[in-house]
Amino acid sequence: MPTRILIADDQADVRSGFRLVLDSQPDMSVVGEAADGAAAVRLARQLRPDVVLADIRMPLLDGLEVTRQLSAETRVIVVTTLGVERDARTALHHGACGFILKRSGPTLLIEAVRSAMSGDTLISPQLTVSLLKDVSTPTHLDEPADLLTAREREIAALVARGLTNAEIADELFITAGTVKTHVANIQTKVGSRNRVGIAAWAWRAGLVRP
């Protein structure tokens, strides 16, 4: 079954461009469009898409509020024209599965959808370093590393280095499904809603060195 996608953006030309890109992929299908945030929430609950692409600036409800309302029900990727670090942090805090810049191009858009479906969180490279800059100096006292099992600590460290589930599986000679289960357990234990949160926790716990 192809990945079912809902596009939410107040600009018709952007929606058309996204649809053209995504519908060209054999494993993706755009099932609906919304021109404002309220319509996006309503259509998402009606159509039950696998992924919602939500523009951060929309009438009625912005992409951050759309993410907050829908992240427990479906995967939400926030797209934006300007890479504002504060917006990225808020979106990820609300459970976004990705945060990408519109200017990043079609390849990253497609990759973001596939990453969300595989349990990963893709962030435009321009934003990744700035999101983690405040945790770049590990301090062992901030977080108790023994909160996790030895295997979970190993996986958390690899997540913090930017590896995907598939890459972690290859590194540790386990299945991607096993990695996905471990990542979910780590998120629960450290109170994180996404991989960026795991990475930040791993730095604070001293599991990763600069």
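Since the model is a prediction, treat every value here as computed from it, not as a measurement.
In this structure, the side chains of Leu101 and Thr80 come closer than 4.5 Å at one or more pairs of heavy atoms. Residues Arg151 and Thr178 form no side-chain contact, since every pair of their non-hydrogen atoms from C-beta on lies 4.5 Å or further apart. Val79 is listed as a side-chain neighbour of Phe18, based on a closest heavy-atom distance under 4.5 Å. For the pair Val190/Leu148, a side-chain contact is recorded, criterion being any heavy-atom separation below 4.5 Å from C-beta on. Looking only at side-chain heavy atoms (C-beta outward), Leu92 and Ile123 come within less than 4.5 Å of each other. In this structure, Arg19 and Ile5 have side chains that are not in contact, with every pair of non-hydrogen atoms separated by 4.5 Å or more.
Interatomic distance, Gln25 CD to Ile110 CD1, rounded to the nearest 0.5 Å: 3.5 Å. Taken to the nearest 0.5 Å, the NZ atom of Lys180 stands 11.5 Å off from the OG1 atom of Thr175. The CE atom of Met117 sits 9.0 Å away from atom CG of Asp27, with the distance rounded to the nearest 0.5 Å. Interatomic distance, CG of Leu109 versus CD1 of Ile100, reported as 5.0 Å (0.5 Å rounding). One finds the CD1 atom of Ile174 at 4.5 Å from the CD1 atom of Ile155 (value rounded to the nearest 0.5 Å). Considering CD1 of Ile77 and CG of Asp55, their distance stands at 13.5 Å, rounded to 0.5 Å.
Residues Val66 and Ala54 approach most closely at CG1-CB, 4.2 Å, considering heavy atoms. A pairwise comparison of heavy atoms in Ala157 and Leu207 identifies CB-O, 3.9 Å as the closest pair. For the residue pair Pro26 and Pro2, the shortest heavy atom distance occurs at O-CB, 4.4 Å. A pairwise comparison of heavy atoms in Val78 and Ala91 identifies CG2-CB, 3.9 Å as the closest pair. Heavy-atom minimum distance, Met28 versus Leu22: CB-O, 3.4 Å. The minimum heavy-atom distance between Gly95 and Thr67, with the atom names listed, is C-CG2, 4.2 Å.
Put simply, the residue from Asp9, Asp10, Asp87, Asp62 that forms a side-chain hydrogen bond (donor to acceptor under 3.5 Å, both in side chains) with Arg57 is Asp87.
Side-chain atoms of Ser71 come within 3.5 Å of backbone N or O of His94 as a donor-acceptor pair. Under the 3.5 Å distance criterion, the side-chain polar atoms of Arg4 are matched with a main-chain donor or acceptor of Leu47. For the pair Asp36 (side chain) and Met58 (backbone), a donor-acceptor distance under 3.5 Å is absent. Distance alone, capped at 3.5 Å, is enough to place a donor-acceptor pair between the Thr74 side chain and the Asp50 backbone. A donor-acceptor contact shorter than 3.5 Å is absent between the side chain of Arg75 and the backbone of Cys97. Without hydrogens or angle criteria, Asp23 side chain to Val30 main chain gives a donor-acceptor distance under 3.5 Å.
A single hydrophobic cluster is not seen to contain both Leu60 and Leu43; linkage of ILVMFWY side chains at heavy-atom distances under 4.5 Å, directly or through other members, places them apart.
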- request: Assess whether side-chain contact (heavy atoms from CB on, under 4.5 Å) is satisfied between Leu70 and Arg45, documenting all intermediate values.
  value: CA-CA 8 Å; Leu70 292 179; Arg45 289 171 175 163; 4.0 Å; yes
task: Check step by step if side-chain contact (heavy atoms from CB on, under 4.5 Å) holds for Trp201 and Ile186.
output: CA-CA 10 Å; Trp201 185 92; Ile186 294 168; 5.8 Å; no
- prompt: Would Leu158 and Val179 satisfy side-chain contact (heavy atoms from CB on, under 4.5 Å), going step by step from the backbone distance to the final call?
  reply: CA-CA 11 Å; Leu158 293 174; Val179 175; over 6 Å; no
task: Apply the test side-chain contact (heavy atoms from CB on, under 4.5 Å) to residues Lys189 and Thr149: give CA-CA distance (whole Å), side-chain angles for both, the deciding distance (0.1 Å), then the verdict.
output: CA-CA 10 Å; Lys189 289 183 178 182; Thr149 66; 4.0 Å; yes
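Under 4.0 Å is where a charged nitrogen must lie from a carboxylate oxygen, and between Glu111 and Arg114 no such pair does.
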